[in-house]
Amino acid sequence: MDTIEQLTQVFYDNFMAYFKSHVSHVNITGRNFVSDHELLNGIYDSLQDQIDMIGELLRSLDAFMPTSIKEITENSVINDEAVEGDSEELISGVLLDLEILKEAHQNLIRIANEEGYDEISNYAQDRVLALAKQIWMIKSTLD
């Protein structure tokens, strides 16, 4: 896989993680509603911001961002199953998706470094740090 292919994979996975975390944010209920709702809001906002950023990075490499939801759902490592369950199930699902997305960014770092795309590697490194913090926050919430 080359940088463009891996960056496209990151787009697929980020888009799915964004959508599922947004659904979880809106549909969450329970005793800790306010804190869970706010936690998920921060996560989906961060992921939503990346949609444009990743698309622009692809264009900087003379590639195009994905153009259909079908393409995204068929190619994302993150499944497109219904987002349902109680608050613990919803938050656990977001955690799993973020871990997958973090791994995709780590792969992007390796590939971009091999191909000399320092700017793409730097972007992915920043995202790994942000995702690691979100993962830590979710794990602390679930403990």
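Here the structure is a predicted model, which means the values were calculated and not measured.
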Does this structure show an ion pair linking Glu99 with Lys139, if we count only N-O contacts that are shorter than 4.0 Å? yes

Can you tell me how far CG of Asn113 sits from CG of Asp118, rounded to the nearest 0.5 angstrom? 6.5 Å

Are Val26 and Leu90 linked, directly or through other ILVMFWY residues, by side chains that come within less than 4.5 angstrom of each other? no

Hey, does the side chain of Ser21 reach the backbone of Ala17 with a donor-acceptor pair shorter than 3.5 angstrom? yes

Where the side chain of Ser76 meets the backbone of Thr73, is there a donor-acceptor pair that is under 3.5 Å apart? no

Can you find a heavy atom in the side chain of Ile138 that is under 4.5 Å from one in the side chain of Ile43? yes

Going by heavy atoms in the side chains, are Ile135 and Lys102 under 4.5 Å from each other? yes

Do you reckon Tyr123 sits in the same ILVMFWY cluster as Ile51, going by side-chain contacts under 4.5 Å, direct or chained? yes

Separation between CG (Asn107) and CD (Glu5), nearest 0.5 Å, reads 12.5 Å

Tell me whether Tyr117 is reachable from Met1 by hopping between hydrophobic residues (I, L, V, M, F, W, Y) whose side-chain heavy atoms are closer than 4.5 Å. no

Has the side chain of His105 got a donor or acceptor atom that lies under 3.5 Å from a matching backbone atom of Val128? no

If two hydrophobic side chains count as joined below 4.5 Å and joins carry through other members, does Tyr44 share a cluster with Ile69? yes

Please check if atom CD in Glu114 has more than 12 non-hydrogen atoms from other residues, nucleotides or ligands closer than 6.0 Å. yes

Nearest 0.5 Å please: distance from the NE2 atom of His25 over to the CD1 atom of Ile91. 12.0 Å

Of all heavy-atom pairs linking Ala112 and Ser121, the shortest is CB-N, 3.8 Å

Given side chain to side chain contact (heavy atoms under 4.5 Å, CB included), test Arg127 with Gln50 step by step and report yes or no. CA-CA 9 Å; Arg127 289 303 301 151; Gln50 299 315 304; 3.4 Å; yes

Taking the inter-plane angle between the rings of Phe11 and Phe15 on a 0 to 90° scale, is it parallel (under 30°), tilted (30 to 60°) or perpendicular (over 60°)? parallel

Is the shortest heavy-atom distance from the side chain of Val94 to the side chain of Leu39 under 4.5 Å? no

Does the side chain to side chain contact (heavy atoms under 4.5 Å, CB included) test come out yes or no for Ile100 and Leu96, once each step is laid out? CA-CA 6 Å; Ile100 291 168; Leu96 176 62; 4.3 Å; yes

Checking Tyr12 against Glu71: is there a side-chain donor and acceptor pair closer than 3.5 Å? yes

Could you tell me if the side chain of Ser35 sits less than 4.5 Å from the side chain of Asn32, heavy atoms only? yes

Taking only distance into account, with no hydrogens and no angle test, what donor-acceptor pairs under 3.5 Å do side-chain atoms of residues 53-66 form with protein atoms, sequence neighbours excluded?
unit_1: Arg59; atom_1: NH1; unit_2: Ala63; atom_2: O; d: 2.9
unit_1: Ser60; atom_1: OG; unit_2: Leu57; atom_2: O; d: 2.6

Using atom types as modelled and distance alone, determine if a side-chain donor or acceptor of Ser140 lies under 3.5 Å from a backbone N or O of Met137. no

Please report the C-alpha distance between Met16 and Asp97 in whole Å, then the side-chain angles of each, then the deciding distance to 0.1 Å, and finally whether the side chain to side chain contact (heavy atoms under 4.5 Å, CB included) criterion is met. CA-CA 8 Å; Met16 290 297 294; Asp97 295 346; over 6 Å; no

Go through His37 and Asn41 one step at a time and tell me if the side chain to side chain contact (heavy atoms under 4.5 Å, CB included) criterion holds. CA-CA 6 Å; His37 190 73; Asn41 185 91; 5.6 Å; no

Transitively linked via ILVMFWY side-chain contacts under 4.5 Å: Ile120 with Ile109? no

Taking Ser46 for its side chain and Gly42 for its backbone only, find out whether a donor-acceptor pair lies under 3.5 Å. no

Out of curiosity, Leu131 CG to Leu101 CG, how far, rounded to the nearest 0.5 Å? 5.0 Å

Modelled atom types, side-chain donor and acceptor of Asp126 and Asn122, under 3.5 Å: no

Pairwise side-chain contact, Leu98 with Leu47, heavy-atom cut-off 4.5 Å (strictly under): yes

Any donor-acceptor pair under 3.5 Å from Asp86 side chain to Glu89 backbone: yes

Using only heavy-atom distances, determine whether the side chains of Gln9 and Asp13 contain a donor-acceptor pair under 3.5 Å. yes

Side-chain contact, heavy-atom cut-off 4.5 Å: Gln6 with Thr3? no

